[in-house]
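To start, the structure itself, in structure tokens.
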Amino acid sequence: MTIRLYDTSARQIRDFQPLTPGCVSIYLCGATVQAAPHIGHIRSGLNFDIMRRWFSYRGYDVTFIRNVTDIDDKIIRKSADQDRPWWSIGYENERAFNAGYDALGCLPPTYEPRATGHVTEMVEMMRGLIERGHAYEADGSVYFDVRSWPQYLELSRQDLDKMQQPTEEGITGKRDPRDFAMWKAVKPGEPAWDTPFGPGRPGWHLECSAMAHKYLGSAFDIHGGGIDLIFPHHENEIAQAKAFGDAFATYWVHNAWVTMSGEKMSKSLGNSVLVSEMVKRWRPIVLRYYLGTPHYRSMIEYSEEALREAEAAFSRIEGFTQRVVELAGGVVEPAAEVPPAFADAMDDDLGVPQALAIVHTTVRQGNSALAADDKEAAVARLAEVRAMLGVLGLDPLDPHWAAAGSEGSGDELHGVVDTLVRLVLDQREAARGRKDWATADAIRDRLAQSGLAIEDSPSGPRWTLGSR
């Protein structure tokens, strides 16, 4: 058994070899909390949640760090625009991110450090880089000297001589316009921390280098994030960390975007779809299916039609699960192991689409067993399905989703709908009893038009949400 991952730095799929046998350490660039999350933000958390789950299934002890960037230029601008403390904006949106992660079934990280809690570690790193000749002070700021590190741009493979980085507004004293700020001198009205270099605040790139060193040491296995972070963020992280003396990450794994009309989903484009609003319109487990089942390196083009297709596909899995549980007379426990073909797909760069095909094939086999009244085979197939869905975080019988379905107004609304639908189904059954097939079929068709799928079972008619 060997897990293989696409390593951005190598531009190829590589066999995963952990630094410490039996353990895997992962650092994921998490939320910058200037605003509430849209589904593009949450996709990264979902992709790496699946990675983490697969490593755990394969027997690894996983340490998973997902940071929070709670101070940056955008947060400071919003603070001024809204006349609110910067920390109030950050904390409010940090809670919104965590609510989104939890709603979509992401396991909590091992540690979730905030940038502002690690200024001491940042100062230590800057001191070391200045002593080694890789950074310098100027007008209260500290900059990384990119020409002092010959391997700079090794991740994005750009040519430094052909790259021009504009000077940041209000930043002075750079030796080279492409040098990047590690520490920004205080400006009137902005938050600041006292350091040996003067009061100011950290640069974005320094935050992650310092926190990765703090929680994972000088070397760790996997650094993750969205493809938009390759440059400048991850490139600058590498330069700082390695120039400081760290080996840093062995593998670099990047997930693709959620797009709308071919463009990256972002607040600046005005095309974001907030998680808090989406979960009011779609069940969170359906959103997880939609965002988590494409390959992590593939773009997802957002559309309502695609979400409806995801809902219909997942409803087929749920319907099979419900029928077998009813037949078995109780919960069917997950199998101890996933099918070999599923494992092969997941081992090959987290091939979730191929793995999901095995899930649906197993569901079809289970439905065939149900049709043949083969209870033993149907139960065995559900056990396999639950094992596979557990790895993907999509097991509808998992306590997380069971709890989510039993809380608040959603459950109450379901009860009201169930009562109303049962009244209509009773009318349909009465028509069938009279052999009035035209009326019975008309009732079924009207329910289907409203988004309800009706299935006749030995225990009576059953309704589920169908494709709308």
Side-chain angles (χ1 to χ4, degrees), residues 27 29-30 32-33 65 67-77 79-80 85-87 90-91 111-152 165 167-220 223 232-249:
Y27 184 93
C29 284
T32 299
V33 288
I65 311 300
N67 78 293
V68 176
T69 298
D70 59 342
I71 187 70
D72 83 332
D73 293 340
K74 293 178 181 178
I75 294 173
I76 292 172
R77 283 198 294 270
S79 173
W86 62 272
W87 46 263
Y91 184 60
Y111 303 109
E112 192 169 27
R114 295 190 185 107
T116 55
H118 296 80
V119 172
T120 299
E121 289 81 4
M122 297 176 204
V123 169
E124 178 185 354
M125 185 165 280
M126 285 188 287
R127 276 177 166 164
L129 289 169
I130 291 171
E131 291 170 1
R132 292 169 174 81
H134 295 296
Y136 58 93
E137 300 176 62
D139 301 328
S141 296
V142 178
Y143 300 102
F144 185 89
D145 182 352
V146 296
R147 291 215 175 263
S148 74
W149 188 248
Q151 295 81 22
Y152 185 58
Q165 191 176 74
T167 301
E168 298 174 72
E169 182 180 353
I171 297 296
T172 60
K174 281 189 179 183
R175 297 174 182 171
D176 186 308
R178 290 158 294 196
D179 292 347
F180 59 86
M182 302 176 68
W183 189 260
K184 298 182 178 183
V186 65
K187 296 179 183 177
E190 289 190 352
W193 288 259
D194 289 326
T195 73
F197 321 109
R201 59 185 175 88
W204 176 31
H205 316 302
L206 177 64
E207 295 172 349
C208 284
S209 296
M211 287 186 284
H213 180 92
K214 166 78 172 181
Y215 292 93
L216 297 176
S218 61
F220 58 96
H223 195 309
H233 185 49
H234 289 166
E235 198 71 79
N236 292 351
E237 277 190 69
I238 292 172
Q240 291 167 150
K242 290 191 173 182
F244 182 69
D246 287 356
F248 214 47

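Bear in mind that the values here come from a model prediction, so they are computed numbers and not experimental data.
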* **Residues Arg178, Asp145: salt bridge by 4.0 Å N-O rule** => no
* What orientation do Tyr27 and Phe220 show, parallel under 30°, tilted 30 to 60°, or perpendicular over 60°? -> tilted
* Qualifying salt bridge (Lys or Arg N to Asp or Glu O under 4.0 Å) pairs with a residue from residues 116-129, counting only residues at least two apart or across chains -> Glu121-Lys214
Decide whether [X] and [Y] meet the rule of one side-chain donor and one side-chain acceptor closer than 3.5 Å.
X: Glu237; Y: His223; result: yes
X: Tyr143; Y: His134; result: no
X: Asn67; Y: Tyr215; result: no
X: Asp72; Y: Thr32; result: no
X: Asp179; Y: Tyr136; result: yes

Got a second to check how far [X]'s [atom1] is from [Y]'s [atom2], nearest 0.5 Å?
X: Phe180; Y: Trp204; atom1: CZ; atom2: CH2; value: 12.0 Å
X: Thr116; Y: Ile71; atom1: OG1; atom2: CD1; value: 7.5 Å
X: Trp183; Y: Thr195; atom1: CH2; atom2: OG1; value: 5.0 Å
X: His213; Y: Cys208; atom1: NE2; atom2: SG; value: 14.5 Å
X: Ser218; Y: Lys242; atom1: OG; atom2: NZ; value: 12.0 Å
X: Ile76; Y: Lys184; atom1: CD1; atom2: NZ; value: 8.0 Å

* To do: Could you tell me whether a side-chain N or O of Ser141 sits under 3.5 Å from a main-chain N or O of Ala185, the two making a donor and an acceptor?
  => yes
* Asked: For the side chain of Asp246 and the backbone of Phe248, is there at least one donor-acceptor N/O pair under 3.5 Å apart?
  -> no
* Asked: Between Phe244 and Arg132, is there a cation-pi geometry (under 6.0 Å to ring centre, at most 45° from the normal)?
  -> yes
* **Greater than 12 external heavy atoms within 6.0 Å of Trp87's CH2** => no
Considering non-hydrogen atoms only, spot the tightest contact between [X] and [Y] and give its length.
X: Ser79; Y: Pro85; result: OG-C, 3.8 Å
X: Ile130; Y: Val142; result: CD1-CG1, 4.2 Å
X: Ala192; Y: Val186; result: CB-CG2, 3.5 Å

* Kindly indicate whether the side chain of Gln240, heavy atoms from C-beta on, has any atom under 4.5 Å from the side chain of Met182. => yes
* To do: Would you check if Thr69 and Val33 make a side-chain contact, meaning some heavy-atom pair closer than 4.5 Å?
  => no
* To do: Take Val123 and Phe197 through the side chain to side chain contact (heavy atoms under 4.5 Å, CB included) test and state the conclusion after the steps.
  => CA-CA 9 Å; Val123 169; Phe197 321 109; 4.3 Å; yes
* **Stepwise side chain to side chain contact (heavy atoms under 4.5 Å, CB included) check, Ile65 with Leu216** => CA-CA 8 Å; Ile65 311 300; Leu216 297 176; 3.8 Å; yes
* To do: Show your working on side chain to side chain contact (heavy atoms under 4.5 Å, CB included) between Phe144 and Leu129 and close with a plain yes or no.
  => CA-CA 8 Å; Phe144 185 89; Leu129 289 169; 4.2 Å; yes
* Kindly indicate, with the supporting measurements, whether the criterion side chain to side chain contact (heavy atoms under 4.5 Å, CB included) is fulfilled by Glu207 and Met122. => CA-CA 7 Å; Glu207 295 172 349; Met122 297 176 204; 3.7 Å; yes
